[in-house]
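Working notes, structure below.
Reminder, nothing fancy here: chain letters follow the sequence lines and each chain counts from 1.
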There are 2 protein chains.
Amino acid sequence: MAANKTLNGLEAQSAQARDRLLDAAERLFCEKGFDRTSVRDLTRAADCNIAAVNYHFGGKGNLYIQMFHRQMHRMMDRHREVIVRLTSTPGATLEDLLRGVVSQPLKQLERNDPSSAVMKLMVREVLNQHIGKDEILGSMKNEFFTMLGDAIRSFCPTLSLRNTQMLFFSLDALVIHPVLFSDFYLEVIPDLDIDGIIEHTVKVAAAGIRAYAGGGD
Amino acid sequence: MAANKTLNGLEAQSAQARDRLLDAAERLFCEKGFDRTSVRDLTRAADCNIAAVNYHFGGKGNLYIQMFHRQMHRMMDRHREVIVRLTSTPGATLEDLLRGVVSQPLKQLERNDPSSAVMKLMVREVLNQHIGKDEILGSMKNEFFTMLGDAIRSFCPTLSLRNTQMLFFSLDALVIHPVLFSDFYLEVIPDLDIDGIIEHTVKVAAAGIRAYAGGGD
DNA sequence: GACAATTTCAAACAAGTGTTTTATATTTTT
DNA sequence: AAAAATATAAAACACTTGTTTGAAATTGTC
């Protein structure tokens with residue numbers, strides 16, 4: 001593949017167009033989606049020739065997927081770090097774990113981090129079904145699933161696997177919702193406070209979990 | 001407008017193409033989305049000429065919006081009925097209200113009702129931002145919001161407005177999530193049971209509400 | 001510096017898009 | 001039945017799309 005440089009330290013120069021293209025893709029695809037972002041839009045934003053997309057990535061679709069993978073890995077790395085840290089902290093409670101997991105994406109929302117835009121795009125893409133969900137999520141889905149599931153069960157050992165799975169989905173629901181529909185939140189609650197959302201989400205999620213586990217710490 | 005017939009009883013014959021177009025739109029747009037459904041796809045499915053879309057609706061975009069309104073009104077009518085019925089039932093509990101509201105869309109999911117496809121499409125469209133969210137939701141959003149909010153507060157009078165709003169969002173999150181990601185649910189829990197999801201959702205939502213209201217019925 | 005590989009470029013390609021046009025049926029009204 | 005309004009039809013229009021081409025420029029290697 002022409003995309004793989006010689007990696008001898010001077011690649012930065014020759015790989016510039018490729019990276020600029022990835023950056024432009026990240027921005028434009030998140031803004032307008034796949035269909036409404038043309039190759040000409042991308043190359044104009046990356047300041048390179050139209051043919052560059054096909055030369056470096058072999059097509060618009062591949063550029064899309066590569067951009068996705070780059071961002072998804074960044075997100076997962078952050079999540080991994082948070083969960084590992086919280087589960088290895090001695091006096092931590094269930095609420096602390098939930099707060100850590102929930103804060104991660106919601107704090108990104110607060111400071112307009114591009115990651116939350118990618119999160120939205122990811123959901124969009126799964127719903128649009130233009131590319132297979134496994135193509136985006138790959139193995140990360142299962143890893144995150146079991147990692148967080150185990151963490152929750154370490155706090156509530158009485159939870160069955162089935163209930164843990166359902167509670168995982170509910171937690172996902174509670175976190176994703178404000179990320180997706182932050183506009184609505186702001187419309188209804190003009191003085192929106194991200195920390196307030198975080199505490200609310202932790203409260204509801206913890207209540208849901210304890211409704212199954214019976215208040216056991 | 002040519003679309004408005006003389007309404008003298010014989011319109012059914014002449015309005016056929018228009019209705020067939022709306023039906024085809026409902027099906028194709030839900031399947032493939034707006035961008036990936038061409039006017040030629042629509043007219044082929046409705047068995048009429050390409051120009052019919054522009055003649056009857058004045059463009060592809062208007063057909064999309066009209067299809068949306070028709071479906072949204074159907075959905076809202078059903079929701080209205082459920083809430084009114086539950087709030088006027090003497091011995092009903094908070095769980096009964098929640099079960100009624102939650103069952104509505106989830107039961108549709110169970111029997112592959114086109115309404116759940118439209119629900120997915122609605123979220124897709126809000127995320128895609130191709131048409132303004134107010135154009136889809138219109139006044140229904142606020143109506144449903146206050147209607148359900150009041151119903152919840154009738155069971156938990158101690159709830160503040162702010163907390164009710166946040167809990168409304170959380171309830172929405174818990175209901176929408178399985179509708180959007182039913183594929184994931186099925187993947188993780190192969191013997192997926194809709195009634196189980198309903199009871200789970202009611203349990204978590206009620207626990208969240210009671211976490212604020214302090215167990216007050 | 002010379003040769004080879006890599007990257008960039010302008011132009012063209014083939015296919016698909018929504019919409020408009022113009023003419024022809026069909027229906028409704030007079 | 002004649003005239004007017006409405007609906008359908010095939011074709012063309014103007015435009016955008018992703019991709020390919022073949023030559024020019026740049027870069028790395030000997």
Side-chain angles (χ1 to χ4, degrees), chain A residues 1-25 28-29 31-68 125 128 130-131 135, chain B residues 1-25 28-29 31-68 125 128 130-131 135:
Chain A
M1 291 273 160
N4 286 335
K5 300 298 141 38
T6 47
L7 289 171
N8 58 359
L10 280 171
E11 65 149 350
Q13 197 68 287
S14 57
Q16 255 182 2
R18 209 189 113 94
D19 287 342
R20 266 178 297 152
L21 229 27
L22 267 173
D23 292 338
L28 292 180
F29 282 139
E31 253 177 50
K32 312 191 293 174
F34 182 79
D35 286 331
R36 307 220 166 177
T37 302
S38 72
V39 174
R40 284 164 182 82
D41 288 337
L42 292 164
T43 52
R44 202 179 305 122
D47 195 38
C48 62
N49 191 265
I50 320 174
V53 167
N54 284 277
Y55 178 74
H56 287 286
F57 297 93
K60 183 188 171 187
N62 278 357
L63 168 57
Y64 193 52
I65 290 174
Q66 296 230 27
M67 169 223 73
F68 245 116
E125 209 46 64
N128 288 341
H130 294 167
I131 56 180
E135 197 122 26
Chain B
M1 291 273 157
N4 288 334
K5 300 298 141 43
T6 48
L7 291 169
N8 57 357
L10 279 170
E11 64 151 349
Q13 197 68 288
S14 56
Q16 254 181 5
R18 209 189 113 94
D19 287 343
R20 265 179 297 152
L21 229 26
L22 267 173
D23 292 338
L28 292 179
F29 282 140
E31 251 176 53
K32 313 192 292 175
F34 182 79
D35 286 331
R36 307 221 167 175
T37 303
S38 72
V39 174
R40 282 164 182 82
D41 288 338
L42 291 164
T43 52
R44 201 179 306 121
D47 194 38
C48 62
N49 192 264
I50 319 173
V53 167
N54 284 276
Y55 179 75
H56 287 286
F57 296 94
K60 183 188 172 187
N62 278 356
L63 169 57
Y64 193 53
I65 291 174
Q66 295 229 28
M67 169 224 72
F68 244 116
E125 209 46 64
N128 288 339
H130 294 166
I131 57 179
E135 196 123 26

Note to self: Measuring from the side chain of A17(B) (C-beta onward, heavy atoms only), which nucleotide among dG18(C), dT8(D), dC9(C) has the closest atom?
What the structure shows: dT8(D)
Next item on the list: Looking at every strand, decide which applies to T43(A) at a 4.0 Å heavy-atom threshold: base, sugar-phosphate, or nothing.
Entry: nothing
Note to self: Taking the minimum atom-to-atom distance to the side chain of A51(A), which one of dA10(C), dT17(C), dA10(D) wins?
What the structure shows: dA10(C)
Margin query: If I take atom CD1 in residue I50(A) and atom P in nucleotide dA12(C), what distance separates them, rounded to the nearest angstrom?
Written below: 12 Å
Note to self: With heavy-atom distances below 4.5 Å as the criterion, would you say the side chains of Y64(B) and H130(B) are in contact?
What the structure shows: no
Note to self: Side chain of C48(A), heavy atoms from C-beta onward: which of dT19(C), dC9(C), dT8(D) has the nearest atom to it?
What the structure shows: dC9(C)
Next item on the list: Decide, yes or no, whether a salt bridge links D41(A) with R44(A) under the criterion of side-chain N to carboxylate O below 4.0 Å.
Entry: yes
Check: Counting side-chain heavy atoms from CB outward, which of dT19(C), dT21(D), dT8(C) is closest to N54(B)?
Finding: dT19(C)
Notebook entry, point to check: Hey, does I65(B) have a side-chain heavy atom less than 4.5 Å from the side chain of F57(B)?
Noted result: no
Check: What's the closest nucleotide to the R40(A) side chain, out of dA9(D), dT8(C), dG18(D)?
Finding: dG18(D)
Check: Between N49(B) and dA10(D), is there a side-chain N or O to OP1/OP2 distance below 4.0 Å?
Finding: yes
Margin query: Once you measure the plane-to-plane angle for F34(B) and F29(B), does it fall in the parallel (<30°), tilted (30-60°) or perpendicular (>60°) bin?
Written below: parallel
Next item on the list: Look at the side chain of H56(A) and decide which nucleotide, out of dT19(C), dA11(C), dT7(C), has an atom nearest to it.
Entry: dT7(C)
